[in-house]
Participant: 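I have a structure I would like to understand better, so I am pasting it below and will then ask my questions one at a time.
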Amino acid sequence: MDNRELLAELLLPNIDKTPDYYENMYPERNLPEGARVTRVAPSPTGYLHLGTLFTSLVNRITATSSGGVFYTRIEDTDKKREVEGGIEDIIDGLWRFGITIDEGFISGSEQKGIYGPYQQSHRAEIYQTYVKDLIKKGLAYPCFCTAEDLEAVRKVQEENKIRTGYHGEYARHRDISYEEAKALIDEGKTFVVRLRSPGSEENRITFDDTIKGKIEMPENDEDFVLLKSDGIPTYHFAHAIDDHLMHTTHVLRGDEWISSVPKHIQLFKLLGFKVPKYGHVSPIMKLDNGAKRKISKRKDPEAAVHFFAEQGYESICVIEYLMTIAASDFEDWRRANPDADYRTFKFNLKKMSVSGALFDENKLNDVSKTKIAAMKSDEVYEHLTAWAKEFDGEFYEMLTANSDFTKAMLAIDRDDAKKPRKDLAKWSEAKQYFAYFFDALYTPNHTLPENIDAADAKAFLAEYKKVYDVADDRQAWFDKIKLVAPKFQFAAETKEYKANPDAYKGSAGDLSTILRIAITGRTNTPDLCSIMQVLGYDECIKRIDAMIEVL
RNA sequence: GGCCCGUUGGUCAAGAGGCCUAAGACACCGCCCUUUCACGGCGGUAACACGAGUUCGAAUCUCGUACGGGUCACCA
């Protein structure tokens with residue numbers, strides 16, 4: 001046995017398989033030409049992040065549009081940062097947003113597919129097998145440097161203005177002999193396994209990023225860590241092994257990875273793997289004191305996708321909004337296909353923005369309002385109550401105490417309307433918006449607009465009471481307002497009033513406003529006639545009387 | 001600091017040397033429609049970061065500057 005073989009046996013004595021074993025175990029996927037295999041590989045370090053959702057969406061739709069496969073893989077190689085229930089949180093979150101998962105972790109505890117296990121902490125033997133092979137080939141070696149050793153080297157490099165890192169002459173254990181290694185191990189020293197990089201900073205490599213285009217960078221010459229001292233791989237190594245074995249065709253990930261691409265390409269080539277296509281997704285940004293910055297888990301509530309659920313944004317609305325960021329031609333498509341499922345949109349990575357988009361709440365609200373406006377009352381009822389049940393128990397009780405009443409309320413300007421109102425963007429707005437329908441929420445406010453005289457208002461309400469019939473349809477209802485209008489010198493027709501404003505105190509429109517204030521305490525509500533029908537005769541009279549009383 | 005990437009109205013963006021007197025959407029403003037609000041219709045304000053160069057011609061190509069972002073771990 002030569003030095004390399006001895007080293008390999010010394011370092012990884014329990015590994016008895018060779019890479020061939022795994023190559024045979026995980027065969028090529030049987031997929032049609034052009035089908036793309038994508039994945040999202042989150043670390044269970046906390047809740048589902050907006051950025052993770054975004055990249056998941058991009059991966060998902062890329063697979064879908066090409067008839068491919070989208071799978072999840074858990075990157076739990078850093079035990080220190082792991083959070084209890086993290087896997088479940090992320091996977092369930094994906095499903096909740098309609099990101100379907102074909103393979104890998106399909107719930108917090110279930111895996112599906114023949115390329116597993118889909119959790120890196122359970123794949124140690126696989127990684128070690130490949131590392132052992134690399135050592136035998138002289139492409140990897142043990143490094144016994146401690147954190148302090150590395151720190152000292154870095155300091156020297158910084159002082160001498162040399163590029164920091166474990167490369168070239170600073171790769172101290174690069175040519176360690178079997179004997180040296182054995183002695184150190186016998187002393188009880190721990191080690192990591194590093195790549196013996198054949199690269200040089202002088203060389204340039206280029207790769208074609210499917211999102212950002214052609215990128216040129218110096219070749220990697222750093223002997224970066226493959227296996228940590230606990231025998232678990234670093235991200236770089238796990239990425240190469242897993243994406244190769246799981247036959248990922250497109251690695252679509254956050255653009256913080258761009259600078260690691262030279263490492264990855266080198267690794268794939270050294271391992272004899274086919275290099276996948278890379279696409280680097282720009283982060284979603286946020287405006288902070290006039291400065292653009294990446295949305296941060298720590299500072300921004302909307303970084304946690306849970307925020308949107310709490311606010312009562314429909315998950316599909318968040319997704320559609322993200323689609324407008326992901327694909328510059330999505331909005332046009334949406335206008336042309338207002339009812340189509342977004343999944344049928346033909347997604348093209350080339351249409352993605354190369355710079356990070358600012359998160360735009362206005363736009364989200366617009367997308368959301370349009371979506372909710374298109375719903376029928378039954379659907380709104382279902383979604384609203386589901387939200388309230390989880391986030392506002394008190395409101396939930398009110399909504400469900402009399403579901404027919406609530407549904408009638410929700411049907412106003414919606415079910416029979418040619419052009420439904422665009423009002424609600426998120427369910428948390430509903431409580432305030434519909435407050436006057438519920439005794440517990442309604443606080444009368446009898447403030448009149450400045451152009452209306454209190455005496456007139458009082459007289460009008462008293463007169464209106466006499467003719468009011470809850471059974472009137474919209475036309476009859478308005479005719480009655482017009483009927484009484486002349487008695488107070490108000491114009492029955494808006495046009496008349498506009499043509500000759502001095503002849504009148506106001507128009508039928510102003511009278512409606514008085515009535516609206518009496519009934520709802522507001523000047524801005526959906527169709528008043530319908531509101532009065534839903535509220536019922538007694539309640540309306542009660543409110544009218546209450547207003548007459550205070551005037 | 002080294003290495004990457006980026007920069008078109010307030011926001012998202014179209015744009016591949018002449019079709020750009022620079023599209024569209026959101027937001028904002030005005031008018032019309034209208035019982036209110038909304039929808040809808042019509043219109044408006046508003047942008048190629050800066051400087052050189054290449055070219056008959058540059059938002060588009062090149063270089064430099066500025067600004068922004070990312071990355072330089074036994075984290076992903």
Side-chain angles (χ1 to χ4, degrees), chain A residues 41-45 75-78 80-81 120 143 145-147 150-151 154 158 161-166 190-194 201 209 212-213 215-218 222 224-236 238-239 253-262 280 282-283 285 287 291-294 321 324-325 327-332 334-335 351 353-367 369-370 373 413 417-423 474 477-478 481-482 485 492-494 507-513 515-517 520 522-529:
Chain A
S43 305
T45 54
E75 310 229 321
D76 57 347
T77 53
D78 185 6
K80 296 184 287 289
R81 299 204 312 160
Q120 295 180 333
C143 166
C145 288
T146 62
L150 264 14
E151 188 48 44
R154 157 186 302 275
E158 276 171 2
K161 294 203 175 12
I162 295 165
R163 191 164 42 92
T164 58
Y166 202 93
T190 60
F191 63 89
V192 300
V193 177
R194 287 181 183 272
E201 204 205 4
D209 190 286
K212 306 222 181 209
I215 295 177
E216 187 180 325
M217 274 193 257
E222 201 159 326
F224 60 92
V225 174
L226 265 22
L227 225 50
K228 299 187 256 184
S229 56
D230 57 3
I232 299 293
T234 56
Y235 170 86
H236 304 116
H239 153 54
R253 66 234 301 189
D255 75 355
E256 68 270 20
W257 289 110
I258 277 199
S259 56
S260 303
V261 171
H280 295 273
S282 304
M285 317 285 276
L287 216 50
K292 219 173 159 184
R293 50 151 248 255
K294 196 170 163 176
Y321 168 63
T324 68
I325 297 183
S328 58
D329 49 346
F330 181 74
E331 282 186 89
D332 286 339
R334 176 45 85 209
R335 253 191 302 283
K351 289 281 183 184
S353 170
V354 288
S355 49
L358 225 42
F359 184 82
D360 186 350
E361 198 181 339
N362 275 329
K363 196 94 177 188
L364 204 213
N365 282 155
D366 181 66
V367 168
K369 282 180 182 176
T370 306
D413 279 354
K418 293 184 297 287
K419 291 177 277 185
R421 292 174 71 84
K422 269 171 78 167
D423 41 26
R474 200 171 298 186
W477 175 88
F478 189 51
I481 290 178
K482 290 205 268 196
E493 302 296 337
T494 312
S507 69
D510 294 312
L511 260 18
S512 319
T513 301
L515 189 55
R516 169 171 279 109
I517 289 171
T520 68
R522 306 196 182 171
T523 53
N524 172 352
T525 71
D527 178 58
L528 225 207
C529 172

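Letters go in sequence order (proteins before strands), and every chain restarts at 1.
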Participant: Could you check if a side-chain atom of A/His236 sits within less than 4.5 angstrom of a side-chain atom of A/Ser260, using non-hydrogen atoms only?
Facilitator: yes
Participant: What nucleic acid atoms does A/Ile481 come within less than 4.0 Å of, heavy atoms only: base, sugar-phosphate, or nothing?
Facilitator: nothing
Participant: Using a cut-off of 4.0 Å on non-hydrogen atoms, how would the nucleic acid contact of A/Thr525 be classed: base, sugar-phosphate, or nothing?
Facilitator: base
Participant: Which nucleotide in the list B/rC4, B/rC74, B/rU36 gets nearest to the side chain of A/Lys228?
Facilitator: B/rC74
Participant: For A/Arg335, which contact category applies under a 4.0 Å heavy-atom criterion: base, sugar-phosphate, or nothing?
Facilitator: sugar-phosphate
Participant: May I have the distance from A/Lys422 (atom NZ) to B/rU36 (atom P), rounded to whole angstrom?
Facilitator: 20 Å
Participant: Counting Watson-Crick and G-U wobble pairs only, both distances under 3.5 Å, name the nucleotide matched with B/rG57, or none.
Facilitator: none
Participant: For B/rA13, give the paired nucleotide (Watson-Crick: N1-N3 plus N6-O4 or O6-N4; G-U: N1-O2 and O6-N3; both under 3.5 Å), or none.
Facilitator: none
Participant: Find the distance between CZ (A/Arg474) and CG (A/Asp527) and round it off to the nearest 0.5 Å.
Facilitator: 3.5 Å
Participant: Measure the spacing between CG of A/Leu515 and CH2 of A/Trp477 and express it to the nearest 0.5 Å.
Facilitator: 6.0 Å
Participant: Give none if B/rG30 has no partner; otherwise give the nucleotide forming a Watson-Crick or G-U wobble pair with it, both distances under 3.5 Å.
Facilitator: B/rC42
Participant: Only pairs with both distances under 3.5 Å count, Watson-Crick or wobble alike; so what is the partner of B/rA76 in this structure?
Facilitator: none
Participant: A/Arg163 or A/Ser512: which one's nearest nucleotide on RNA chain B is closer to the 5' end?
Facilitator: A/Arg163
Participant: Specify whether A/Trp257 and A/Tyr235 have parallel, tilted or perpendicular ring planes, treating 30° as the upper limit for parallel and 60° as the lower limit for perpendicular.
Facilitator: parallel
Participant: Look at A/Asp366 together with A/Lys369 and state whether they make a salt bridge at an N to O cut-off of under 4.0 Å.
Facilitator: no
Participant: Assign A/Arg334 to base, sugar-phosphate, or nothing according to its heavy-atom contacts below 4.0 angstrom with the strands shown.
Facilitator: nothing
Participant: Let's test your reading of the model: under 3.5 Å, does the base of B/rA25 pair with the side chain of A/Lys363 as donor and acceptor?
Facilitator: yes
Participant: Nearest to the side chain of A/Thr77, heavy atoms from C-beta on, is which of B/rC12, B/rU7, B/rA76?
Facilitator: B/rA76
Participant: For A/Arg293 and B/rG70, is the shortest distance between a side-chain N/O and OP1 or OP2 below 4.0 Å?
Facilitator: no
Participant: NA contact type, A/Leu528, heavy-atom cut-off 4.0 Å: base, sugar-phosphate, or nothing?
Facilitator: nothing
Participant: When the C1' atoms of B/rA47 and B/rG41 are compared, how many Å lie between them, rounded to an integer?
Facilitator: 27 Å
Participant: Tell me which nucleotide among B/rA76, B/rC4, B/rC74 gets nearest to the side chain of A/Met217.
Facilitator: B/rC4
Participant: Would you compute the distance between atom OG of A/Ser512 and atom NZ of A/Lys482 and round it to the nearest 0.5 angstrom?
Facilitator: 10.0 Å
Participant: Taking all non-hydrogen atoms of both residues into account, name the closest pair between A/Pro283 and A/Lys294 and its distance.
Facilitator: CB-CG, 3.7 Å
Participant: Quote, to the nearest angstrom, the C1' distance that separates B/rU71 from B/rC75.
Facilitator: 13 Å
Participant: Can you tell me how far P in B/rA25 sits from the matching atom in B/rG44, rounded to whole Å?
Facilitator: 12 Å
Participant: Looking at A/Arg163 and A/Glu158, does any basic side-chain N land under 4.0 Å from a carboxylate oxygen?
Facilitator: no
Participant: Suppose we define a pair by two distances each less than 3.5 Å, Watson-Crick or G-U wobble; what does B/rA22 pair with here?
Facilitator: none
Participant: Looking at the side chain of A/Ser328, which of B/rU36, B/rA76, B/rA13 is the nearest nucleotide?
Facilitator: B/rA13
Participant: Please tell me which of the listed nucleotides, B/rU71, B/rU35, B/rA27, lies nearest to the side chain of A/Ser259?
Facilitator: B/rU71
Participant: Once you apply the 3.5 Å cut-off to both distances, tell me the Watson-Crick or G-U wobble partner of B/rG2, or none.
Facilitator: B/rU71
Participant: Picking from B/rC74, B/rU7, B/rG24, which would you name as closest to the side chain of A/Val192?
Facilitator: B/rC74
Participant: Closest-nucleotide mapping onto RNA chain B: is A/Glu75 or A/Ser355 further toward the 5' terminus? I mean the 5' end.
Facilitator: A/Ser355
Participant: Whole-Å distance between B/rA25 P and A/Glu361 CD?
Facilitator: 22 Å
Participant: Where the side chain of A/Phe478 is concerned, which of B/rG70, B/rC75, B/rU35 is the nearest nucleotide?
Facilitator: B/rU35
Participant: Just the rounded figure in Å: distance from C1' of B/rC75 to NZ of A/Lys80.
Facilitator: 8 Å
Participant: Using the C1' atom in both, what is the distance from B/rC39 to B/rC32, to the nearest Å?
Facilitator: 14 Å
Participant: Which nucleotide sits closest to the side chain of A/Thr234: B/rA13, B/rU35, B/rA76?
Facilitator: B/rA76
Participant: Classify the nucleic acid contact of A/Leu227 as base, sugar-phosphate or nothing, counting any heavy atom under 4.0 Å across all strands shown.
Facilitator: nothing
Participant: Whole Å only: how far is the CZ atom of A/Arg253 from the P atom of B/rC75?
Facilitator: 17 Å
Participant: Take atom CD1 of A/Ile325 and atom C1' of B/rA13, then tell me their distance rounded to the nearest Å.
Facilitator: 11 Å
Participant: Contact class for A/Asp423 (heavy atom, under 4.0 Å): base, sugar-phosphate, or nothing?
Facilitator: nothing
Participant: So what does A/Glu158 touch, heavy atoms closer than 4.0 Å: a base, only the sugar-phosphate, or nothing?
Facilitator: nothing
Participant: In terms of side-chain heavy atoms of A/Asp527, which of B/rC4, B/rG24, B/rU36 is nearest?
Facilitator: B/rU36
Participant: So, is the end of the A/Arg194 side chain (NZ or CZ) under 6.0 Å from the ring centre of A/Phe224 and within 45° of the ring's axis?
Facilitator: no
Participant: Just to be sure I understand the rule, does A/Thr45 reach a base, reach only the sugar-phosphate, or reach nothing, if contact means heavy atoms closer than 4.0 Å?
Facilitator: nothing
Participant: Using the C1' atom as the point on both nucleotides, what is the distance between B/rU8 and B/rG68, in whole Å?
Facilitator: 16 Å
Participant: For atom P, what is the distance between B/rG24 and B/rC42, given to the nearest Å?
Facilitator: 12 Å
Participant: If I take atom CZ in residue A/Phe330 and atom C1' in nucleotide B/rC26, what distance separates them, rounded to the nearest angstrom?
Facilitator: 15 Å
Participant: Students often get this wrong, so: under 4.0 angstrom with heavy atoms, is A/Cys529 touching a base, only sugar-phosphate, or nothing?
Facilitator: nothing
Participant: Work out how far the P atom of B/rA27 is from that of B/rC12, and round it to whole angstrom.
Facilitator: 15 Å
Participant: Specify the separation, in whole Å, of atom CG of A/Leu150 and atom C1' of B/rC72.
Facilitator: 14 Å
Participant: Taking atom P in both B/rG1 and B/rC20, compute the distance separating them and give it to the nearest angstrom.
Facilitator: 42 Å
Participant: Taking atom types as they are modelled, would you say the side chain of A/Ser229 forms a donor-acceptor pair with the base of B/rC74 within the 3.5 Å cutoff?
Facilitator: yes
Participant: Should B/rA66 form a Watson-Crick or G-U wobble pair with both distances under 3.5 Å, which nucleotide is its partner?
Facilitator: B/rU7
Participant: Quickly work out the A/Asp255 CG to B/rC3 P distance and round it to whole Å.
Facilitator: 19 Å
Participant: The side chain of A/Arg516 lies closest to which of these nucleotides: B/rU36, B/rU71, B/rC74?
Facilitator: B/rU36
Participant: Hunt down the Watson-Crick or G-U wobble partner of B/rA47, both distances under 3.5 Å, from any strand shown, or write none.
Facilitator: none
Participant: Does this structure show an ion pair linking A/Lys228 with A/Asp230, if we count only N-O contacts that are shorter than 4.0 Å?
Facilitator: no
